[in-house]
Amino acid sequence: MAASLKGNNRRSLAMERTGQWVFSQEIPTDVVVEVGEANFSLHKFMLVAKSNYIRKLIMESKEADLTNIDLSDIPGGPEIFEKAAKFCYGVNFEITVHNVAALRCAAEYLQMTDKYCDGNLSGRTEDFLKQVALTSLSGAVVVLKSCEDLLPKAEELKIVQRCVDVASTKACNEANFPSRSPPNWWTEELSILDIGFFEKIIAAMKLRGAKSLTVASALITYTERTLRDLVRDHTGNGIRSSDTEDSNLRSRQRELLEAIVVLLPSERAALPINFLCCLLRSAIFLKVAHTCKNELEKRISTILEHVTVDDLLVLSFTYDGERLFDLDSVRRIISGFVEKEKSVAVFNGGDFQEVCSTAMQRVAKTVDAYLGEIAAHGELSICKFNGIANLVPKDARKVDDDLYRAIDIFLKAHPNLDEIEREKVCSVMDPLKLSYEARVHASQNKRLPVQIVLHALYYDQLKLRSGADDAHDAMSTRSHLQADVSLVRENEALRSELMKMKMYISDIQKNSSAGGGKGLGGGSKKPTFFSSMSKTLGKLNPFRHGSKDTSNIDDETAVDVTKPRRRRFSIS
């Protein structure tokens, strides 16, 4: 409504100004020119002197005296026609970079060319384009911006192409040899254009040999300006859940993002990974085409060794910061990076299982820390947690302390898990790769399943018995531990059966004593087969006292945990 009133006021002022210089001719007007809602009372002979189009209309009219001319489809509308009419009357007005393209198109429409009349409007605007507007990057961009409402006439007159050529040339020169600061000022100039013209300039820059980093710089600035609420806002406060409806705004943003991804330079390492992660989160939010999202995921996985925990968290949460995405993109990105590392290892003639690259180890550490950040969310399932943890090859983790911390946080955030579910969560971790401090914490952690606690305690006990240090061969230790744990489980099963048999025999003895001391309960007790067998098997049990409670380990073999180095592995 406000825009309509403003437009009406502008037209009223234009008509008033036009009336002042028309009536100053002291000759009655004889034609009314209609341009949209604006009417201009003018003189035919003044218009015909400059405009061949109006002359033809009057000459070819079937009316004896043509009094009304409709020029509603003139480029630029009433404001530009007013200036063209002033030119016909010889009234001075200012040609600027903002109106020169519209005046050039209007001159072509009205056939105000130098062929019809020397020094006509067409020639004046051409001179201004060549000598002023298209001599600088800023001028070319402003003229190109004004052409957005002048299509297709501006393209027919080659104004668009000339602006693109100048802008792309000047931009490449500024990128290579900055003339003023900041060095990337030219990217701000290009960012005012709509995506169609911006695409033309980027394509022209690539043809002129622009470097990938130069193109990337322009794309980053343009994206941050046109998708500001999606890309620049990392706080989660910019978009609320009520804004997620597929409105016209989101549709335009979706088309814009898909066009930007197409323009990304072929060199995938040219763009910073945090920017790519922001683009991918926007793509997930806007539900872009699969090809667009897939391209962003591939680009991120290529340079995943540079990722930070914050970058991965950007991909994981909705804009309000309250809910997790489906995390499928994170899994595909990590999986793509692992496959790439395997391919590189095979190509170099190595074995990926034996040696993991420094990049893979860095990613493993980041992923474990990332799991610790998302583990506290109750909506995270065991399947999703394990799915991400298992993507990282076990050999890529030198120690599992960060993974253990993530597991502990997950168990605390999901207190209703049963023993089997807790064992499933812990299955992604290797207890033998925990540091001493982590093993001490695990041995006292009531949230862990009993099996993991046994592993943590028995590892230290085995080291004490064998005299091994931290450099002890992990493979031999693991095989020894597995054999002993298997033996412990067999002993536990036998001990359970023996205990049942002892209770059965004890009941028989009590019944015999009550019956007069006859039978098995009479006289001095002799060692029975079951009692001898129980003692013999008991000696094989490294947990002497036959209990899963690790607090019953003998002092001779217990681990000294009185002064552990302080380190936090839990959110408790």
Side-chain angles (χ1 to χ4, degrees), residues 10 14 50-51 74-88 90-180 184-205 207-208 210 214 218 221-222 225:
R10 192 162 53 241
K50 298 290 185 181
S51 173
I74 186 173
E79 293 183 7
I80 295 302
F81 175 76
E82 179 196 359
K83 290 179 171 56
K86 283 184 176 181
F87 185 84
C88 293
V91 179
N92 289 328
F93 62 91
E94 184 180 11
I95 298 178
T96 67
V97 292
H98 297 280
N99 64 25
V100 65
L103 286 170
R104 177 68 184 87
C105 293
E108 193 69 20
Y109 175 88
L110 294 171
Q111 299 178 16
M112 298 175 67
T113 63
D114 289 349
K115 291 181 179 180
Y116 182 72
C117 176
D118 291 338
N120 215 336
L121 183 60
S122 176
R124 295 283 184 89
T125 52
E126 275 294 333
D127 290 342
F128 186 88
L129 283 171
K130 295 176 182 178
Q131 300 173 13
V132 180
L134 299 183
T135 60
S136 66
L137 173 63
S138 300
V141 170
V142 172
V143 174
L144 188 58
K145 176 68 175 177
S146 68
C147 290
E148 293 175 3
D149 299 324
L150 300 173
L151 300 176
K153 180 62 72 174
E155 287 186 331
E156 295 173 2
L157 296 175
K158 307 297 183 183
I159 300 175
V160 171
Q161 188 59 48
R162 291 159 66 187
C163 290
V164 169
D165 291 340
V166 172
S168 59
T169 302
K170 299 286 186 183
C172 289
N173 292 339
E174 282 296 326
N176 296 328
F177 310 103
S179 62
R180 59 189 174 102
N184 66 336
W185 66 270
W186 59 273
T187 64
E188 294 287 346
E189 297 287 336
L190 298 181
S191 65
I192 70 171
L193 299 170
D194 76 342
I195 187 62
F197 289 157
F198 183 75
E199 286 175 338
K200 292 179 180 292
I201 291 181
I202 294 298
M205 290 177 66
L207 289 176
R208 296 179 186 278
T214 299
T221 303
Y222 186 82
R225 179 163 183 162

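- The shortest non-hydrogen separation linking Val160 to Glu155 is CG2-CG, 3.7 Å.
- Listed by chain and residue number, nothing satisfies the side-chain hydrogen bond (donor to acceptor under 3.5 Å, both in side chains) test with Thr113 (two or more places apart in sequence, or in another chain).
- We find that Glu79 and Lys83 are not joined by a salt bridge, their nearest charged nitrogen and carboxylate oxygen being 4.0 Å or further apart.
- Scored by the ring-ring contact (aromatic ring centres under 6.0 Å, His included) test, Tyr109 finds Tyr53 as partners (sequence neighbours excluded).
- Taken to the nearest 0.5 Å, the CD1 atom of Ile201 stands 5.5 Å off from the CG atom of Leu144.
- Within the structure, the salt bridge (charged side-chain N to carboxylate O under 4.0 Å, His left out) test picks out no pair touching residues 190-202 (sequence neighbours left out).
- Closest non-hydrogen pair, Val100 versus Phe128, comes out as CG2-CD2, 3.6 Å.
- Tested against Asn99, the residues Ile80, Val143, Thr125 include a single side-chain contact (heavy atoms from CB on, under 4.5 Å) partner, Ile80.
- Looking at heavy atoms from C-beta onward, Phe93 lies out of side-chain contact with Glu82 at the 4.5 angstrom threshold.
- Distance check: Leu110 CG to Ser122 OG gives 11.0 Å after rounding to the nearest 0.5 Å.
- In this structure, the separation between CH2 on Trp185 and OG1 on Thr221 is 13.0 Å, given to the nearest 0.5 Å.
- Taking SG from Cys105 and NZ from Lys153, the interatomic distance works out to 7.5 Å, rounded to the nearest 0.5 Å.
- In this structure, Glu108 CD and Ile159 CD1 are separated by 9.0 Å, a value rounded to the nearest 0.5 Å.
- Side-chain atoms of Leu137 and Asn173, non-hydrogen and from C-beta on, never get closer than 4.5 Å to each other.
- Counting heavy atoms from C-beta outward, Leu134 and Cys163 have side chains that approach closer than 4.5 Å.
- For residues 166-175, there are no salt bridge (charged side-chain N to carboxylate O under 4.0 Å, His left out) pairs, not counting sequence neighbours.
- Scanning all heavy atoms of the two residues, the minimum distance from Ala102 to Gly76 falls at CB-CA, 4.5 Å.
- The structure places CD1 of Ile95 at 11.5 Å from CZ of Arg104, a figure rounded to the nearest 0.5 Å.
- The side chain to side chain donor-acceptor pair (under 3.5 Å) pairs that include a residue from residues 159-168 are Glu126-Arg162, Gln161-Asp165, Ser168-Arg208, where partners are two or more places apart or lie in different chains.
- The aromatic rings of Tyr222 and Phe198 lie parallel to each other, their planes meeting at an angle below 30°, with 60° marking the opposite boundary.
- Summarising the geometry of Gly119 relative to Phe87, their closest heavy-atom pair is O-CZ, 3.3 Å, with the distance given to 0.1 Å.
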Exercise for the section: Take Val141 and Phe197 through the test side-chain contact (heavy atoms from CB on, under 4.5 Å) and record every step on the way to the result. Expected result: CA-CA 10 Å; Val141 170; Phe197 289 157; over 6 Å; no

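- Counting only heavy atoms from C-beta outward, the side chains of His98 and Ser146 never approach each other to under 4.5 Å.
- Here the side chains of Cys88 and Met112 are in contact, with some heavy-atom distance below 4.5 Å.
- Not a single side-chain hydrogen bond (donor to acceptor under 3.5 Å, both in side chains) links Ser136 to another residue, sequence neighbours left out.
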